[in-house]
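A quick note: this is a predicted structure, and the numbers were derived from the prediction, not measured. Throughout, a chain's letter reflects where its sequence line sits, starting with A, and its residues are numbered from 1.
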Protein chains: 2
Amino acid sequence: MGVPRQVDHDERRRQLTEALLRIAGTRGLQAVSMREIAAEAGVSLRVVQYYFTNKQALLESGLIELGARGRRRVQQRVADAASTRDVFAAVLGAIVPSDEQSRLDSMAWTAYYTAALTDPALAAAGLTLPNALEDFLTVRLTAAQQAGDVSPDRDPRTEVAGLLALANGLTSGVLSRQRDHEAATKIIDYHLARLFDLTPRNLAHKAQAGTDSAAD
Amino acid sequence: MGVPRQVDHDERRRQLTEALLRIAGTRGLQAVSMREIAAEAGVSLRVVQYYFTNKQALLESGLIELGARGRRRVQQRVADAASTRDVFAAVLGAIVPSDEQSRLDSMAWTAYYTAALTDPALAAAGLTLPNALEDFLTVRLTAAQQAGDVSPDRDPRTEVAGLLALANGLTSGVLSRQRDHEAATKIIDYHLARLFDLTPRNLAHKAQAGTDSAAD
DNA sequence: CCCGTTAGGATACGACTGTATCCATTCGGG
DNA sequence: CCCGAATGGATACAGTCGTATCCTAACGGG
């Protein structure tokens with residue numbers, strides 16, 4: 001038992017979790033079985049059993065990894081977002097699947113989400129990401145509104161909830177290949193352009209409240 | 001073999017299909033088995049086999065029934081919709097689950113939708129309702145815009161796609177009990193109010209194009 | 001009357017599931 | 001050196017799954 005034991009252990013678990021998510025993303029959650037995961041990871045059934053006591057534990061691990069990936073994607077995009085509008089475009093753009101990897105993850109996420117609707121054990125393991133995003137964006141939008149970058153007759157919480165639901169619905173369309181990523185992005189930008197537009201009747205208000213709106 | 005044979009046959013199939021949808025709506029699609037359907041319908045396994053050759057046929061029947069229910073709900077609400085805005089509120093309000101029955105149907109629909117993402121056989125059996133609604137609403141919105149009831153700088157197709165995606169995303173939130181029906185309706189109305197609002201800069205255009213806008 | 005079709009009960013079959021058990025190997029600290 | 005823990009191969013077990021088969025009844029037209 002060498003020093004890097006715990007590391008190897010976690011690495012093994014990570015490989016198995018990734019195999020699980022690959023299956024869930026391509027063939028669905030109902031195709032996920034212990035033996036399938038073993039085959040996908042190129043190991044024996046016993047190894048899967050060894051590193052995960054339960055199938056339940058395995059599924060939870062997959063859900064946790066999926067949440068971590070989502071958070072990572074959002075943070076990467078938000079990192080280089082200058083304005084509040086850029087932050088919104090980044091977050092919403094991170095929700096809608098863009099490349100093949102995010103499509104697979106989105107598939108798996110949808111499968112988990114659907115399963116959690118009828119399986120309280122999965123629901124308890126956490127789909128908390130949407131709520132966190134809602135709070136985060138609401139704070140940002142409220143600040144932008146107070147800075148005069150958004151029309152005062154907009155309701156930040158309602159706008160954010162609507163935009164997140166929009167991104168969610170667009171994701172469904174992208175996954176079912178009813179829409180592609182570009183079309184979805186256009187729809188999102190269409191709405192962001194209106195939300196952050198101050199053209200006619202809001203210029204007066206903008207001029208009166210424009211204090212620290214440059215950095216936002 | 002009496003005259004009402006075919007009728008009895010169809011009635012039996014209908015009962016079994018409803019039993020299937022009850023299970024799918026409460027315990028999920030993965031809980032749907034021939035034996036479970038038999039138990040739910042209060043018949044023997046053989047009867048389920050007798051009226052449906054395959055499990056596949058059974059699932060398709062459930063999907064068809066689900067689509068029919070959705071269409072029925074939309075038509076009922078659209079029936080007494082006076083203005084174009086009422087039509088939009090009716091259609092979008094028909095998508096978001098309101099009572100317990102529509103919640104169950106929406107659950108089952110989500111389960112089917114998710115399954116269809118990885119099962120081409122189910123996808124072929126038809127999730128065509130969204131596309132039909134998109135075309136329908138786009139025609140209505142374009143007409144309303146030409147009548148001057150909607151600002152000319154709105155893009156009807158984008159607006160409709162966005163609203164349907166919004167309703168879809170809100171449905172997810174309602175099903176996961178993150179939001180209730182009332183909150184979802186408020187968000188929809190919030191957006192419809194903006195879409196059909198002509199207050200400041202559009203009144204000029206409205207006055208110039210207002211020919212047959214009264215009946216719409 | 002009787003015979004073929006319709007309807008359904010009872011049971012079986014093979015595949016697959018999650019989980020458990022038995023066993024061999026490896027390897028590092030005492 | 002050696003012994004116990006870590007690791008994993010092979011196999012078994014009890015369920016559940018969709019599907020198939022066998023066998024009764026019932027019943028209406030010839």
Side-chain angles (χ1 to χ4, degrees), chain A residues 1-21 23-24 26-63 111-112 115 118-122 125, chain B residues 1-17 19-24 26-63 111-112 115 118-122 125:
Chain A
M1 123 192 13
V3 169
R5 186 176 57 88
Q6 185 68 16
V7 173
D8 286 357
H9 196 271
D10 288 357
E11 171 67 11
R12 274 290 215 197
R13 286 175 60 101
R14 205 182 52 81
Q15 290 175 355
L16 294 175
T17 301
E18 286 177 0
L20 153 63
L21 291 183
I23 298 174
T26 53
R27 282 177 289 159
L29 253 181
Q30 94 289 345
V32 170
S33 74
M34 302 260 141
R35 288 168 178 82
E36 280 296 329
I37 294 174
E40 173 73 26
V43 298
S44 75
L45 168 62
R46 185 64 178 83
V47 172
V48 181
Q49 284 188 285
Y50 188 79
Y51 289 94
F52 290 94
T53 59
N54 263 347
K55 186 183 184 181
Q56 176 68 22
L58 196 32
L59 290 179
E60 287 179 6
S61 169
L63 185 50
Y112 268 106
T118 51
D119 180 6
L122 264 186
Chain B
M1 106 181 43
V3 169
R5 185 175 59 88
Q6 186 67 18
V7 173
D8 286 357
H9 196 270
D10 288 356
E11 170 67 10
R12 274 290 214 197
R13 286 175 59 100
R14 208 182 50 82
Q15 290 175 355
L16 293 175
T17 300
L20 154 64
L21 291 183
R22 261 194 311 268
I23 298 175
T26 53
R27 281 177 290 160
L29 249 176
Q30 94 290 345
V32 170
S33 75
M34 303 258 141
R35 288 168 177 84
E36 280 297 327
I37 294 174
E40 173 72 27
V43 299
S44 75
L45 168 63
R46 184 64 178 84
V47 172
V48 180
Q49 285 188 285
Y50 187 79
Y51 288 95
F52 290 94
T53 59
N54 262 348
K55 186 184 183 181
Q56 177 69 22
L58 196 31
L59 289 179
E60 287 179 7
S61 169
L63 185 50
Y112 267 106
T118 51
D119 180 6
L122 263 186

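Summary of the strand contacts: Arg46(A) and Ala31(A) both lie near DNA chain C, and taking for each the nucleotide with the nearest heavy atom, the more 5' one is attributed to Ala31(A). If Val43(A) and Arg35(A) are placed on DNA chain D by their nearest nucleotide, the residue sitting closer to the 5' end is Val43(A).
Using a distance-only test at 3.5 Å, with no hydrogens or angles considered, a donor-acceptor pair links the side chain of Tyr112(A) to the main chain of Leu59(A). Of the possible donor and acceptor atoms, one in the side chain of Thr17(A) sits under 3.5 Å from a partner among the backbone N and O of Arg13(A).
Contact between the side-chain N/O atoms of Arg12(B) and the OP1/OP2 oxygens of dG8(C) is found at a separation under 4.0 Å. Phosphate contact (OP1/OP2 of dG8(C), side-chain N/O of Ser44(B), threshold under 4.0 Å): absent.
The structure places CG of Asp10(A) at 11.5 Å from CD of Gln15(A), a figure rounded to the nearest 0.5 Å.
When all heavy atoms of Leu58(B) and Met34(B) are compared, the closest pair comes out as CD2-CE, 3.9 Å. Nearest approach of Thr118(A) to Gly28(B), heavy atoms of both residues: CG2-N, 3.5 Å. Leu29(A) and Ala115(A) make their closest contact through CD1-CB, 4.1 Å (heavy atoms, listed as atom of the first residue, atom of the second, distance).
Val32(B) comes within 4.0 angstrom of the backbone, heavy atoms only, and of no base.
Between dT21(D), dG18(C), dG8(D), one nucleotide has an atom nearer to the side chain of Met34(A) than all others, and that is dG18(C). With distances taken from any side-chain atom of Ser33(B) to the nucleotides dT11(C), dC17(D), dA7(C), the minimum falls on dC17(D).
Within residues 49-58 of chain B, the residues approaching DNA chain D are Gln49(B), Asn54(B), Lys55(B), by heavy-atom distance under 4.0 Å.
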